[in-house]
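This report refers to the structure that appears directly beneath it.
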Amino acid sequence: MKCMYCGCLDSKVIDSRSGEDGTIIRRRRECTNCGKRFTTYETVESTPIFVVKTNGARQVFDPNKIKNGIIKACEKRPVSPATIDKLVDDIQKKIYNSLAQEVTSKELGEMVCEGLKSIDEVAYVRFASVYRSFTDTTSFIKELEKMVKKDKI
């Protein structure tokens, strides 16, 4: 690390401390040339992941958008905020672990549907009705019939 006082490229770490949330490391350094001390911060560099919409537009992945959609689907349902946060975290981990730089909105919607189905079936149907653009009661009933068939198997 380059010394901010003399420009020397050699320094030694005197103290390291983890940040509050564990994503930052604070390092106290001492220049081997001039002996002055300075602080550096180390963070993980993350590359942005893009969501490819059905119309081809690309947006930066925002877990808060997923969370807001799940919250709306779970409104007035017995689903705790901790359960919603865990589902959002699981989806986020799945996306980052895929190592892909892009994810389609369809893949993202399917991940949410899959997670909601195991948490609360009513919330799942609510989310699916918007995500799959149910146009009439027939498409809504078909989705419910699929759920009932899977439960019987």
Side-chain angles (χ1 to χ4, degrees), residues 1-4 11-29 37-153:
M1 183 63 62
K2 186 176 181 179
C3 174
M4 58 188 283
S11 64
K12 61 182 178 182
V13 176
I14 302 214
D15 181 40
S16 289
R17 294 183 187 180
S18 182
E20 289 177 17
D21 59 356
T23 60
I24 297 173
I25 296 177
R26 177 185 178 270
R27 298 197 192 279
R28 193 74 180 132
R29 296 178 177 269
R37 293 183 176 185
F38 55 97
T39 303
T40 59
Y41 295 91
E42 184 178 317
T43 61
V44 174
E45 183 179 28
S46 62
T47 57
I49 293 179
F50 292 95
V51 176
V52 181
K53 303 291 212 167
T54 52
N55 66 0
R58 285 173 169 69
Q59 288 183 347
V60 175
F61 171 68
D62 182 5
N64 288 324
K65 284 187 176 183
I66 295 171
K67 185 175 183 176
N68 291 336
I70 294 170
I71 288 171
K72 281 184 181 178
C74 294
E75 211 167 83
K76 297 183 182 177
R77 298 296 305 155
V79 180
S80 70
T83 304
I84 292 171
D85 288 340
K86 184 178 180 336
L87 177 57
V88 173
D89 287 344
D90 290 346
I91 290 169
Q92 195 172 358
K93 284 177 188 172
K94 199 175 203 179
I95 290 168
Y96 283 115
N97 287 339
S98 73
L99 301 177
Q101 291 182 330
E102 293 182 341
V103 62
T104 65
S105 58
K106 181 177 168 70
E107 292 171 319
L108 208 49
E110 290 301 325
M111 286 182 214
V112 173
C113 281
E114 185 180 305
L116 279 175
K117 196 182 284 188
S118 64
I119 293 170
D120 187 273
E121 289 181 344
V122 173
Y124 160 73
V125 172
R126 284 179 178 170
F127 185 86
S129 69
V130 175
Y131 165 66
R132 295 199 175 112
S133 302
F134 292 168
T135 54
D136 55 11
T137 55
T138 307
S139 53
F140 193 81
I141 291 169
K142 284 181 184 176
E143 188 65 33
L144 290 174
E145 286 173 347
K146 282 185 205 174
M147 284 179 58
V148 171
K149 283 181 185 177
K150 286 183 181 177
D151 285 346
K152 287 182 179 178
I153 296 175

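Along the sequence shown, residues are numbered consecutively beginning with 1. Since the model is a prediction, treat every value here as computed from it, not as a measurement.
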Using residues 75-82 as the side-chain source, report each donor-acceptor pair under 3.5 Å to any protein atom, sequence neighbours left out, with the distance given to one decimal.
{"from": "Arg77", "atom 1": "NE", "to": "Asp120", "atom 2": "OD1", "distance (Å)": "3.0"}
{"from": "Arg77", "atom 1": "NE", "to": "Asp120", "atom 2": "OD2", "distance (Å)": "3.4"}
{"from": "Arg77", "atom 1": "NH2", "to": "Asp120", "atom 2": "OD2", "distance (Å)": "3.1"}
{"from": "Ser80", "atom 1": "OG", "to": "Thr83", "atom 2": "N", "distance (Å)": "3.1"}
{"from": "Ser80", "atom 1": "OG", "to": "Thr83", "atom 2": "OG1", "distance (Å)": "2.8"}

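- Applying the salt bridge (charged side-chain N to carboxylate O under 4.0 Å, His left out) rule to pairs touching residues 95-109 yields Arg58-Glu102, sequence neighbours excluded.
- The distance from the CZ atom of Arg28 to the CG atom of Asp15 is 9.0 Å, given to the nearest 0.5 Å.
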Point to revise | side chain to side chain contact (heavy atoms under 4.5 Å, CB included) between Arg27 and Met1, intermediate numbers included | key: CA-CA 11 Å; Arg27 298 197 192 279; Met1 183 63 62; over 6 Å; no

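- Here the side chains of Pro48 and Phe61 are not in contact, with every heavy-atom distance at 4.5 Å or above.
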Exercise for review: Could you please spell out the steps behind the side chain to side chain contact (heavy atoms under 4.5 Å, CB included) verdict for Leu108 and Ile95?
Suggested key: CA-CA 9 Å; Leu108 208 49; Ile95 290 168; 3.1 Å; yes

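- Taking NZ of Lys65 as the reference point, atom OG of Ser105 lies at 11.0 Å (rounded to 0.5 Å).
- The shortest non-hydrogen separation linking Leu116 to Ala123 is CD1-O, 3.9 Å.
- Note on Lys86 versus Asp90: salt bridge recorded, some NZ/NE/NH1/NH2 to OD/OE distance being below 4.0 Å.
- Of the inter-residue distances, the one linking Ile119 atom CD1 with Glu121 atom CD reads 12.0 Å to the nearest 0.5 angstrom.
- Residues Asp85 and Lys67 form a side-chain contact, since some pair of their non-hydrogen atoms from C-beta on lies under 4.5 Å apart.
- Between Ser98 and Val103, the closest side-chain pair of non-hydrogen atoms is not below 4.5 Å.
- The two residues Phe127 and Gly69 make their nearest non-hydrogen contact at CD1-O, 4.1 Å.
- Rounding to the nearest 0.5 Å gives a distance of 9.5 Å between CD of Glu114 and CG of Leu87.
- For the pair Arg126 and Lys72, the tightest heavy-atom approach, listed with the atom from each and the gap, is NH1-O, 4.3 Å.
- Using a 4.5 Å cut-off on side-chain heavy atoms (C-beta onward), Phe50 and Val60 make contact.
- Distance SG/Cys3 to CZ/Arg29: 11.0 Å, rounded to 0.5 Å.
- Counting heavy atoms from C-beta on, the side chains of Pro63 and Ile91 never come closer than 4.5 Å.
- Within the model, atoms CD1 of Ile71 and CD1 of Ile84 stand 5.0 Å from one another, a figure rounded to the nearest 0.5 Å.
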